[in-house]
Amino acid sequence: MIEVGALRALRSVATLGTLARAADELGFTASAVSQQIKRLEQQVGVPVLAPAGRGVVLTPAGRAIVEATPEVFQALERCAEAGRSVAGGAARGSLRVVAFSTAVRGLLAPIVPRLSARCPDLRVHVTEQDPDQALRGVDAGTADLALVHDADGLPAPLPASLTRRHVHTDVGDVVMGREHPLARLDRPLTSADLAGHPWVTSPPGTVCHQWFRRLFADAPDDPDVRHLVDDFSTQLSLVSADRVIALVPRLARPPLGEGLVSRPLRRPPKREVHATWRRSAGASPAIRAVLAELAPRAHPEGVPR
């Protein structure tokens, strides 16, 4: 009988290209993954991996096995869901949720108390992961539900085994000191309003830095960036101390306190947030319970305070 863990290990190696990367993804040592692959080869009677430089590649037999794994995992998932439905459809057991950091703060953390009250037998395990890694984890079965955001306005491509639902639209606002000249404006800010003011912003390579650069795409001069800081709470401490301003996603925004205010932009940067799960787990009471809590709720600014 082929072990399910060995199939997951082989699929992860096929996706990531090395035993070490697969081990990191699965939470095992490289030696443990290697042993799983060796047991799989003994069970099927043919090699499934071959060395290739510093990594490995699948043999034709290994590729055939990997291509058949979605059907296996989906069948196992349907078996589990059938058992849960017989048990009354109550959300119970463990649910592994992966999400990018600001979704953990702004979307998951607020619903945990409600989930605990509604589903006392359900334990939600949250792990921070970037969207690409989160999607791989759900596809590979190392996570059950992922919260991911789109990439530069385009939804991330999904494997055929996954499905998704829109749960939130995140928007960026400009944060400044209460005595800052921009704080006196009672209208959405334009790019012209922002010109000439010093900034603290997220480092290059982040979504928020792309948002920031787009604000000045048509400006004749480069913006005055005084500080590059990834943590938004630290950005706000510099806004308080140094009279700089910051572009902060609403999901990532801590309470501003008395000395700071936020102002909307006329053309605010946005990103769509989706919940993603395996199609075969669509009947899961635990996933349905979390999705019900994540359903968009009306708010005067579209964001939790």
Side-chain angles (χ1 to χ4, degrees), residues 3-29 32-33 36 66 69-81 83-84 91-112 115-116 119 121-151 155-168 251 272-294:
E3 298 175 7
V4 175
L7 290 179
R8 293 196 190 284
L10 182 63
R11 187 164 71 166
S12 186
V13 171
T15 301
L16 300 174
T18 69
L19 293 170
R21 290 177 181 172
D24 289 341
E25 181 90 350
L26 297 170
F28 299 135
T29 64
V33 172
Q36 287 180 315
V66 167
T69 55
E71 297 177 16
V72 175
F73 295 143
Q74 290 168 20
L76 291 172
E77 196 118 46
R78 285 192 293 270
C79 287
E81 296 309 327
R84 295 187 185 105
R92 63 183 72 211
S94 297
L95 187 74
R96 301 161 299 174
V97 182
V98 290
F100 58 100
S101 60
T102 51
V104 174
R105 181 197 176 276
L107 294 177
L108 290 174
I111 71 171
V112 168
L115 275 172
S116 298
C119 311
D121 296 324
L122 175 64
R123 177 171 294 183
V124 177
H125 299 276
V126 177
T127 300
E128 179 185 337
Q129 289 184 355
D130 289 335
D132 288 346
Q133 185 182 7
L135 289 176
R136 289 199 308 268
V138 175
D139 187 36
T142 58
D144 303 306
L145 183 70
L147 295 185
V148 299
H149 60 75
D150 57 18
L158 286 187
S161 62
L162 304 186
T163 188
R164 67 180 156 216
R165 177 186 298 177
H166 178 265
V167 295
H168 188 78
L251 278 181
E272 306 301 333
V273 181
H274 291 84
T276 303
W277 63 96
R278 292 181 297 279
R279 292 182 184 276
S280 53
S284 166
I287 290 177
R288 289 185 174 187
V290 174
L291 291 176
E293 292 296 340
L294 286 172

Exam field: side chain R279 to backbone A160, donor-acceptor pair closer than 3.5 Å: yes

Table please: side-chain donor-acceptor pairs of residues 6-27 below 3.5 Å, with sequence neighbours left out.
unit_1 : atom_1 : unit_2 : atom_2 : d
R8     : NH1    : A140   : O      : 2.6
R11    : NH1    : D139   : O      : 3.4
R11    : NH2    : D139   : O      : 2.1
T15    : OG1    : R11    : O      : 3.0
T18    : OG1    : R21    : N      : 3.0
R21    : NH1    : L16    : O      : 3.4

Mind listing the closest non-hydrogen atom pair of E128 and S101 along with its distance? OE2-CB, 3.3 Å

L147 CG to L108 CG distance, which is reported to the nearest 0.5 Å: 5.0 Å

Locate the shortest heavy-atom distance separating H125 from S94; write the atom from each residue and the value. NE2-OG, 3.6 Å

Rounded to the nearest 0.5 Å, what separation is found between the CZ atom of R278 and the OG atom of S161? 8.0 Å

Taking all non-hydrogen atoms of both residues into account, name the closest pair between I287 and D144 and its distance. CD1-O, 3.8 Å

Separation of R123 CZ from L95 CG (nearest 0.5 Å): 13.0 Å

Could you grab the distance from atom OG1 of T163 to atom CH2 of W277, nearest 0.5 Å is fine? 5.5 Å

In terms of heavy-atom contacts, L107 and L294 come closest through O-CD2, 3.9 Å

For the OG atom of S116 and the CG atom of L122, what is their distance to the nearest 0.5 Å? 8.0 Å

Is there a donor-acceptor pair closer than 3.5 Å between any side-chain N or O of D150 and the backbone N or O of E272? yes

Tell me if a side-chain donor or acceptor on R164 pairs with a main-chain N or O of V273 at a distance below 3.5 Å. no

For the student: nearest non-hydrogen atoms of V167 and A275, plus distance: CG1-CB, 3.9 Å

With sequence neighbours excluded, residues passing side chain to side chain contact (heavy atoms under 4.5 Å, CB included) with T127: V98, Q129

Provide the closest heavy-atom pair for V66 versus P70 in the form atom of the first, atom of the second, distance. O-CD, 3.5 Å

Do V124 and V112 come close enough that some side-chain heavy atom pair is under 4.5 Å? no

Would you say the side chain of P131 lies within less than 4.5 Å of the side chain of H149, judging by non-hydrogen atoms? yes

